[in-house]
Q: 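There's a structure below that I have some questions on.
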Number of protein chains: 2
Amino acid sequence: MAGIKDVAERAGVAISTVSYVMSGKRSVRPETKLRVLRAARELGYFPNAGARMLRGERTNIVALSSPMHEYTDYTNYSAFFFAVAQRARRYGYDVLLLMGEDETEDLMRMADSGLVDGVLLLDVTLDDPRVACARLCRVPVVSIGIPRETDGVLCVDLDFELMGRWAVDRAVRLGHRRALLVGDQGDAYDNGSNYLIRTRDSVFARAAECGMAVEFIPSVGRTMDAVSASMERAFALDPAPTVIFGQCSLGQLNNIVGYCYSRGMGVPEDVSILALGTFGNAATMVRPLDEIPMLPFSSCGRAVDLLVEAIEGRRGDEGVVELIPSKYLRRGSMGAAPSA
Amino acid sequence: MAGIKDVAERAGVAISTVSYVMSGKRSVRPETKLRVLRAARELGYFPNAGARMLRGERTNIVALSSPMHEYTDYTNYSAFFFAVAQRARRYGYDVLLLMGEDETEDLMRMADSGLVDGVLLLDVTLDDPRVACARLCRVPVVSIGIPRETDGVLCVDLDFELMGRWAVDRAVRLGHRRALLVGDQGDAYDNGSNYLIRTRDSVFARAAECGMAVEFIPSVGRTMDAVSASMERAFALDPAPTVIFGQCSLGQLNNIVGYCYSRGMGVPEDVSILALGTFGNAATMVRPLDEIPMLPFSSCGRAVDLLVEAIEGRRGDEGVVELIPSKYLRRGSMGAAPSA
DNA sequence: CTGAAAGCGCTTACAG
DNA sequence: CTGAAAGCGCTTACAG
C-alpha cells in the first residue's frame, strides 16, 4: 500500500531520488541511498505495477498460451508449464497462463493491453490461428511447435521428423520388417496436433524408404480392455508385426506390455517395443521401455531463451525455426527381430 | 498500439465518452455509441492494462503460487493448474503462475504491486510461510490445503482425514486385519507436504480404533526394482499384510501390482489394493484399482469460487475451512481378506 | 446526453 | 549529487 511518495517522505528525499535508487539508473550518494532503501524496506514498498506499465517499462511477464479443448489430455502439460516457468524465472519473468478456449482473443487482448512482454504458444497445430495473430502482435511471440507457415514467427520444437527416422532406423537395423504404430486418440490427429502428425508421417516415410511395412492404429481408449481389443486385431495380421512403436501415453504402453505378456509374448524376444514422445518415465514401467522422449525442458527452455532475446531487442523478427534433437534411451525393450 | 485518444478522434467524441461506452457506466446516445464501437474495432483498441491498474481497476488476474522444490514431482500438477484456470476463466480471470523457489517474496511482490486481484496457494505445508504472508496481504488469499494455523485465511481442501477413514473402514469391513501403507517418497513427508501426512495419520488413527495393524513404508524409488525391494521386505513380515493402501504415483501402483503378480499373488484373491490420492486414472491400469481420488476440479474450483467472492467483496476475511469429501471408486481390487 | 480536466504512481529529460 | 515537473492512458467527479 505504501507508494513512492511515502518512501520519499520517510527518507527525506524527492520521489525521483527514490526512483533512481530503486532502478540504479543514476548514482546516489551512499548515505542517501541507504536512507531510501531502509525507508522502502520499513514500509514494505513495492513499485506499483500499473504505473510502471504505463511508463512503458517491462512487466516481466510472459504469456503462455495453451488452449484447453474437449480432447485435451493435460496429464503431461505440467512438464511444459514447469519447464517454461523455470527458465522464465531464471530471467526474472513470471508466466501468465492463457487457457481459454478462444485462443486468439486472449492473445490479442494480452499483446495489446501491454500486460505481457512476450508470448509463448504451446500445442501449436498445423494451421493454428494464433500464428496469424503472432504476426500482428506488437510483442514478440515464440511458437513451441512448427505451424505450416513459419515466416515471420520464431519457432522452436523437438525434431519429430528425426524421432520418426530414428525409430524406423533402429528397428530396421535389428532386422524388423513389419511394424505396428500405436497412435494417440484419433481426434488428436484430426485436430491437427502438430507433433503427432509429424512423427507419424516421418515413420511412414522412412519405413517406405527402408522397405518396412507399418500398420497404424489410433488408440480408441485407455483401459486395458480397449487396448487389448486393438492389439488383438493388429496381431491377427499375417505376418504379424515384430516391433511396436507406441506414440501414446505411458498408461497405454503399460497396457500394451500387459497384453503382450498375457499372450505369452516376451519383450523383446517375441516383440520389441519403443515409446515415442513420452517423458523419460518409461524407465519406471514394470517392463521398462526404450524411448525417444519429449524433452520439454529442452524445447521450452530454448523457446524462453529466444523470447527473452526478442523482448530485449537482441533479435529481429525474422522467422526462425529451431529443431532440437531428442535422444534415444535404451532400456532393452528393442531386440533382434525373431526369425520367421 | 491504438489508445483511447485515437478511438475518440476517429469517432469524433471526447475520450471520456469512449471510456463510458467501453465500461457501460453511463448511457450514451445509440448513434454515438455505435461510432465509438466501430472506431475501437477498426483500430483494434484494447485498454492499456497499466492505466487501468493505476486507477485501481481490477486486473482480472489471480496468482497461483506453486513453488517448485527439488523434490517436486510435477506430474500431476497440471490437473490443478487446469482446474484453477478453467474455473477462473469462467469468472473472467486469468492465472499468473508463481513457481519461484522463494515463495514468500513472489507473493508479497504480487500482492503489493497491484498486479493481481487475489492469490491461490497450492501445495500448502503444515507451517507454510506463505500463510503468514496471506494475513498481511492487501488482496484476498485462498489456501488450497490446510495449514496448522488457519485463522485469518480462507482454506479449501479435500477431506484427507475422511479419505484415510474410508480406506480403513472398507478394508476392515472386508475382514482385513493387517495393512501395508505404501507412501510417497520419504522427503515429501519431511517437508510437511500437507495432504500426505493428513491421510497417513488418519489411516493410522482409524486403524488403531479398529484394531487393524498398519505397516508404513515410504517409496524409495519409482522403478520396478526399487518397488520390488520394498515390497519384498513388507511381505517377509509374519503375518504378511492382506491389503495394500497405495499413497503413491500410478507408476508405483503399477509396479506394486506387477510385483504381486510376479509373486503369484492375485488381486484381490490374495491381496487387496486401494489407491489413495490418485487422479481417477487407476481405471486405465492393467489391473484397474479401487481408488479414492484427488478431485482437483472440486477443490480448486471451490477455491476459485471463494477467492472471487472475496475479491468482489461478497465475503469478509474471517477464517474459513472447507473440506470436500472425495469419493470411493470401485474397480474390484478390494476383496475379502483371505482366510488364514 | 457529452466534455474538459484532475489525478492514479511511477520514470526520466531537464535544470541546477 | 539531487529535485521539480511533464507525461504515460486511463476513469470519474464535476460542469454544462
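Numbers restart at 1 for each chain; the letters A, B, ... are given by sequence-line order, proteins then strands. In this text the structure is predicted, and so the values were computed from the model without any measurement.
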Q: Grab the CZ-P distance between Arg55(B) and dC10(D) for me, whole Å please.
A: 12 Å
Q: So, do Phe82(B) and Tyr77(A) have ring centers that fall under 6.0 Å from each other?
A: yes
Q: In whole angstrom, give the distance that lies between atom CG of Asn48(B) and atom C1' of dG9(D).
A: 6 Å
Q: CD1 of Ile15(B) versus P of dA6(C): gap in Å, rounded?
A: 12 Å
Q: Wobble G-U and Watson-Crick pairs count when both distances are under 3.5 Å; given that, what is the 5' to 3' dot-bracket string of DNA chain C, with | for pairing to other strands?
A: |||.||||||||.|||
Q: Under 4.0 angstrom, heavy atoms only, what part of the nucleic acid is Gly56(B) near: base, sugar-phosphate, or nothing?
A: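 It contacts nothing in the nucleic acid.
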Q: What contact category does Thr32(A) fall into here, base, sugar-phosphate, or nothing, at under 4.0 angstrom with non-hydrogen atoms?
A: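 If one applies the 4.0 Å heavy-atom cut-off, Thr32(A) turns out to touch the sugar-phosphate alone, with no base involved.
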Q: Nearest to the Ser16(B) side chain among dC10(D), dA4(C), dA13(C), which nucleotide is it?
A: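 When the side chain of Ser16(B) is considered, dA4(C) is the closest of dC10(D), dA4(C), dA13(C).
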Q: Would you mind telling me which of dT12(C), dC10(C), dG3(C) lies closest to the side-chain atoms of Thr17(B)?
A: dG3(C)
Q: Strictly below 4.0 Å, N to O, side chains only: are Asp128(B) and Arg148(B) in salt-bridge contact?
A: no
Q: Compare side-chain N and O positions of Ser27(A) against OP1 and OP2 of dC1(D) and report whether any pair is under 4.0 Å apart.
A: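 True: Ser27(A) side-chain N/O within range (under 4.0 Å) of dC1(D) OP1/OP2.
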Q: What is the distance, rounded to the nearest whole Å, between atom CE of Met22(A) and atom P of dG9(C)?
A: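 After rounding, the gap between these two atoms is 16 Å.
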Q: What is the distance from CZ of Arg26(B) to C1' of dG16(D), rounded to the nearest Å?
A: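 It is 11 Å, rounded to the nearest whole Å.
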Q: Is Glu31(B) paired with Arg29(B) through a side-chain N to carboxylate O contact shorter than 4.0 Å?
A: yes
Q: Rounding to an integer number of Å, can you tell me how far Ile4(B) CD1 sits from dG3(C) P?
A: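 Those two atoms, CD1 and P, are 12 Å apart.
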Q: Is any side-chain N of the basic residue among Asp94(B) and Arg109(A) closer than 4.0 Å to the acidic one's carboxylate O?
A: yes
Q: For Ala14(A), answer base if it contacts any base atom (sugar-phosphate contacts may also be present), sugar-phosphate if it contacts only those atoms, and nothing otherwise; contact means non-hydrogen atoms under 4.0 Å.
A: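 Sugar-phosphate only.
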Q: Quick check on DNA chain D: between Val28(A) and Leu54(A), whose nearest nucleotide comes earlier from the 5' end?
A: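 Between the two, 5'-proximity favours Val28(A).
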Q: Is any NZ, NE, NH1 or NH2 atom of the basic residue among Asp106(B) and Arg89(A) found under 4.0 Å from an Asp or Glu carboxylate oxygen of the other?
A: yes
Q: From NZ of Lys25(A) over to C1' of dT2(D), roughly how many Å is that when rounded to an integer?
A: 18 Å
Q: To the nearest Å, how far apart are Tyr20(A) OH and dC10(C) C1'?
A: 12 Å
